[in-house]
Amino acid sequence: MSKIKVMNEDLANKIAAGEVVERVMNVVKELVENSIDAKASVIKVELIESGVKEIKVTDDGIGMDKEDSVMAFSRHATSKLKTLDDLFNINSLGFRGEALPSIASVSNVLLKTSDGKTGTMVTLEGGIVKDVKSCDLKKGTSITVSNLFYNTPVRLKYLKSLYTELANVSDYLDKMALSYPNIKFILTNDSKELLNTSGNGDLLKTIHNIYGVVVASKMMKVEGENDDYKISGYISYPELTKSNRSGITLLVNNRYVKSNEIVRCILDSYHTYVFKDRCPYVILNIEVDPFLVDVNVHPTKMEVKFSKMDSLLSLIHEVISERLSHKILIPKANPLNVEDNYYQDKYEEIYEVNDKVLDKPEKSKVEEIRFDFDTLNTKKNEENQEEIEEFKEDERIKNMYPIGIVHGTYIICENENGMFIIDQHAAAERINYEKYYHALSTHSKNTTSVLIPYKIELPNNEYLILEKHFDILKNLGFEFEEFGDNTIIIRSHPTWLPKYAPLESIKKIIEVIVTQEDFDEDKFNEKVSITLACKMSIKAGDVITMPDITYLIEQLRKTKNPFTCPHGRPTIIAYTKYDLEKLFKRAM
Ligand code: ZN
Ligand code: ZN
C-alpha cells in the first residue's frame, strides 16, 4: 500500500504560504524530518560548500517503494498529514509536505530508496523526473540535492554567507539530536565531521556529544509534574553559562520549539545564581496533551503557546529553583586549566572597591549582616518535613575555619575537605540581600522614628514620578510628608533599613522607585534588596577582625543560596584536598 497520501486542497493552500525554500537549513530540515518520520535510527547529513553545492541526507529508515518515490515529488502529496487537524497536532513532525517538490523545483535531485524489497533510483532536474529505475539498495533512503537554486541564479545571492548557512544547519541538527537522543545524527561539511552523536538514547551522552565533556559534567537532571504538564531534562550548574540563549533547548513532546516566555521563566529561575546577562544551559522536554498546545503554524518560527501557560511556568520555576537550592554549587578552582567564559568574564563589581567608599567605621558594616536566619529556616523546615531528610542545612556548606585574609578581600578558610576562598564583599552582600528581601517580601511593618527628620530634595522630574508612587513608600512603612518644592520629609522608616546609613538607603530606594518602568512588587523588592546589599555591605578592602570573619561565614552558611552574590558572582571557590595534592604532585 502506498504510504503517501494525497492531501486535500485546503491544507495545500494553508501550507503554500510558508513553503518557500530559501535557506539550506530549511532543505536539511525537511529531509531530516522525512527521515525521522521514516523511523530512521541513523541520519547522516553530508554538505558540500555548506550545502549550497550539495546536500545529501542518508537514513536507514523504512524506505519507499517505486510508486511512492515518484509520488513524493508531485505536488499535494504527503505521507505526514491527512487533515487540517494534524497540522495542529504537535506529535506529527512535518507540516511542510509540499517542501519536497519545492526543493526539487529549484535543484537537481537524486533519490535512492529501498523498502527492503525493491530499490528505486529517481533522478530529477528542476522538478522534472528524468529517470526512474530499479536497482539493488540497502533498506533506507538517501536524497542528494545539488546545485540548489541552479535554475534561479538571482536567489543564490540571497543565501547568506556560507558560514551562516552552515551555522544554522549545525544548530538545527544539535537541537534535533537533543530531541531524539535515540537517533544517531552525523553532520559533515566538505568531509569534515562536525557532529556525531551516539544515538543510544541517553540524553546526557548526547549533551556530551554536542557541547563537550566540560558541559556534560556540569549538568544536573531535573524532573517534575503537575496536573497538566510533565517536565524533564538537564540544567547546568550556575557556574556554567553562555553569553546568549543558544544553550537553552525547549522540546514539547520531544519536538524542538521556541518560546520566549519559557526562556524568560528559566532565566528568572536562575536569577541571582548567574551573573547578569549570562544564560545557563538547559535542555527541557515538556510532555503535554497536544490539545493544550497551540502551535504557531508558520513553519520557520516553531513558536508555541500553551493554553495553561501559568501552570507550566510555575512548574518550571519550581523545579529549577528546587534543584538549584538543593545542590552544593561551590565552583572548584582550576588554576591549571582555566576554562571558558566563567573566569574570563569581566566582573564589573571588581571595580566597585573605590566606588563611593562610605565614611563609616567598618564595624557597623559587620553589624549589618546580623540577622536571625534560624527563624527563617526553622519555619521552612516545619512547612516541609521531607525537605529536612533530603538536605540538612549544615551540609550544604560544611563549617570552615578562617586562616586569614589576602589583599584585605579574600578570606582563606579550611576544613577537612580542603581550602576555600571567600570574597568578603560577595558573602556579606548575599547575607544582606536575603535579609532585606525577606523583610520586603514579608511586608515587615516595624518602623523606627527618626529624631531629626530627613529632608530629601529631588530634581523636578524625579519628584513628579515619586509623587505618583507615594503609595509604595507608604506600603514600605515610611512616614513622610511633602515639604515645599520637590521635597519630602521622612519622619519614620522601616526598622530593617541598614542601621548605619539610613538616609543613603532611603535615597537608594527612591532612586529605584523613580527609575523603574512598570511597578512589579517582586522586581521592585529584588532591585531594592540588591542595590542596598551592594552599597551597604562590607567592601573589598574593608578591615574586618577574625571574630567578624567567623560570624560572616556562619551567616553565609545559613543563607538560601550561599554560593553566589545577588549579581551572580561566586562567593566561595574551593580547592579540594585532592586539588592541592594534585597541584603539588603528591597525587596523580
Ligand atoms: Zn556588590
Ligand atoms: Zn554582587
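Note that the numbering runs from 1 along the sequence shown for the chain. Numbering of ligands and ligand atoms starts at 1, following listing order.
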Atom of Glu429 closest to the Zn ion (ligand 1), considering N, O or S atoms: OE2
His425 near the Zn ion (ligand 1): N/O/S under 2.8 Å: yes
Aromatic contact, Tyr281 with Tyr234 (centres under 6.0 Å): no
His493 and Tyr454 aromatic ring geometry - parallel, tilted or perpendicular at 30°/60° bounds: parallel
The Zn ion (ligand 2) contact by Cys534, N, O or S atom under 2.8 Å: no
Parallel, tilted or perpendicular: ring planes of Phe470 versus Phe480, cut at 30 and 60 degrees: tilted
Close side-chain approach of Leu458 to Ile465, heavy-atom, < 4.5 Å: no
Atom name, His567 (N, O or S, nearest to the Zn ion (ligand 2)): ND1
